[in-house]
Amino acid sequence: MNKHIRTVATLLPVISLTLLLAGCPKRPAMSVATAPPPVPPPAAAPPTPVAPPPAPAPAPVAPPTVAPAPAPPPAPPKEYRANAALQQIFFAFDKADIRPNDAQTLAASAAYLKANPNQLVLIEGHCDERGTSEYNLALGERRAKSAANYLVANGIEASRITTISYGKERPSCNERNEACWAKNRNDTFLTKEK
């Protein structure tokens, strides 16, 4: 029944439009006696059923955006261990540049890593307590990447190096003075077997 109604509803505007456009031409008025007999209108051909257009697909609904809570800094993998052959390097306040003395330390670390190609290295970036946690996490990451870039420039494969930042979260000294803060601004190197 519903299909029949749709067919009629589709054909009715088509037939109306056809009659409107074709229309009957105006004829001069004639007397009734001379008028030809009326001609029945031609029978309309049965309409071909027209399939209704497909319904549009509903637009996907995006999940609500929720700001993620800041994740705590990840702990180093348990397989990494301190290695006496790889010494810490230190940084000036609010800097991530490798200083000349620390470049010598990194050169010795690069020589060790070249001689021990089965060793992977984790570089931890650390900061002193001054500054926000977010700022110090970013600064610690820049420090760790500076050391990693130095090692790569000295022949160590980048795939052997992992970096992590602890910012100010893991101080090695807790006093509130410059000597202590200088100790906390460092990169620490840990290694493990491949």
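All values reported here derive from a predicted model rather than from experimental measurement.
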**Report entry** Sequence neighbours excluded - salt bridge (Lys or Arg N to Asp or Glu O under 4.0 Å) pairs with any residue from residues 135-157
**Finding:**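 Qualifying pairs, neighbours excluded: Glu141-Lys145.
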
Would you check if the side chain of [X] reaches a backbone N or O of [Y] as a donor-acceptor pair within less than 3.5 Å?
X      : Y      : value
Arg160 : Val121 : no
Asn149 : Ser146 : no
Asn177 : Cys180 : yes
Asn184 : Ser172 : yes

[X] to [Y] - nearest heavy-atom pair and separation:
X      : Y      : value
Tyr150 : Ala103 : OH-O, 3.2 Å
Arg130 : Asp128 : NH2-OD2, 2.8 Å
Ile89  : Ala147 : CD1-CB, 4.1 Å
Ser165 : Leu137 : OG-O, 2.7 Å
Asp187 : His126 : OD1-N, 4.4 Å
Tyr80  : Leu120 : CE2-O, 3.9 Å

Query raised in the report: What pairs of residues pass the disulfide bond (SG atoms under 2.5 Å apart) test when at least one of them lies in residues 83-140, not counting sequence neighbours?
Result: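 Sorted result for residues 83-140: empty, none.
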
Query raised in the report: Got a second to check how far Asn186's CG is from Thr188's OG1, nearest 0.5 Å?
Result: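 Between Asn186 CG and Thr188 OG1, I get 4.0 Å after rounding to 0.5 Å.
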
Report task. Nearest 0.5 Å please: distance from the NZ atom of Lys192 over to the CG atom of Asn118. Result ->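 That separation rounds to 12.5 Å.
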
Under 4.5 Å between any side-chain heavy atoms of [X] and [Y], yes or no?
X      : Y      : result
Phe90  : Gln88  : yes
Gln119 : Lys194 : no
Ile123 : Leu151 : yes
Leu122 : Thr191 : no
Phe91  : Asp102 : no

Query raised in the report: Do Ile98 and Val152 belong together in a cluster built from hydrophobic side chains that touch within less than 4.5 Å?
Result: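 Yes, same cluster.
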
Please report, to 0.1 Å, the donor-acceptor pairs under 3.5 Å made by any side chain of residues 106-115, with sequence neighbours excluded.
{"from": "Ser109", "atom 1": "OG", "to": "Thr105", "atom 2": "O", "distance (Å)": "3.2"}
{"from": "Tyr112", "atom 1": "OH", "to": "Asn83", "atom 2": "ND2", "distance (Å)": "3.1"}
{"from": "Lys114", "atom 1": "NZ", "to": "Asn154", "atom 2": "O", "distance (Å)": "2.9"}

Query raised in the report: Glu129 pairs by salt bridge (charged side-chain N to carboxylate O under 4.0 Å, His left out) with which of Arg185, Arg176, Arg170, Lys168?
Result: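 Among Arg185, Arg176, Arg170, Lys168, the one that satisfies the salt bridge (charged side-chain N to carboxylate O under 4.0 Å, His left out) with Glu129 is Arg176.
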
